[in-house]
Trainee: 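Attaching a single structure in structure tokens format; questions to follow.
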Amino acid sequence: TLFRSTIIGGLSIFMLIPYWISQLCGGMIAAGLAKALTPEDRYNNISGGALTIITMDSQIGNVIGAEIVMTFYLVLAVCMGAINEQSKSPLAPFAIGFTVTVSVLAGGDRKS
């Protein structure tokens with residue numbers, strides 16, 4: 001609820017950047033924990049998931065950029081559908097779920 005929450009008064013402008021950084025760090029920590037907690041044989045057999053997309057270090061910048069864009073759209077859907085009093089809608093769960101689905105499909109593995 002970053003930028004939109006700041007605009008609609010739910011978050012101080014001084015907390016915007018630290019909150020954004022903590023969200024990105026939380027995502028990276030979650031990815032690291034997923035790798036650490038997944039047994040090695042299962043981790044090596046995962047196909048079509050996010051854990052197989054990065055094959056070279058040169059792709060890390062693109063992946064972080066894609067994560068930023070997809071997170072922006074998710075935050076926009078949450079703020080516009082569930083937080084902002086003027087645009088709040090009973091269809092917010094559908095909009096948020098649709099945004100997550102599109103992000104998964106757009107950011108998924110393109111090998112298959």
Trainee: Tell me which one of L74, V75, L76 satisfies side chain to side chain contact (heavy atoms under 4.5 Å, CB included) with V78.
Mentor: L74

Trainee: Running the 4.5 Å side-chain criterion over Ile, Leu, Val, Met, Phe, Trp and Tyr, what cluster does F94 land in, apart from itself?
Mentor: none

Trainee: How many angstroms lie between atom CD1 of I29 and atom CG of L24, to the nearest 0.5 angstrom?
Mentor: 11.0 Å

Trainee: To the closest 0.5 Å, what do you measure between CZ (F98) and OG (S103)?
Mentor: 10.0 Å

Trainee: Minimum heavy-atom separation for A95 to A77, with atom names?
Mentor: O-CB, 4.3 Å

Trainee: Is L105 reachable from V102 through a run of I, L, V, M, F, W or Y residues, each pair having side-chain heavy atoms under 4.5 Å apart?
Mentor: no

Trainee: Is there a path from L91 to V100 through hydrophobic residues (I, L, V, M, F, W, Y) whose side chains come within less than 4.5 Å of each other?
Mentor: no

Trainee: List, by chain and number, the other hydrophobic cluster members for M70, where Ile, Leu, Val, Met, Phe, Trp and Tyr join if side-chain heavy atoms come within less than 4.5 Å, directly or indirectly.
Mentor: none

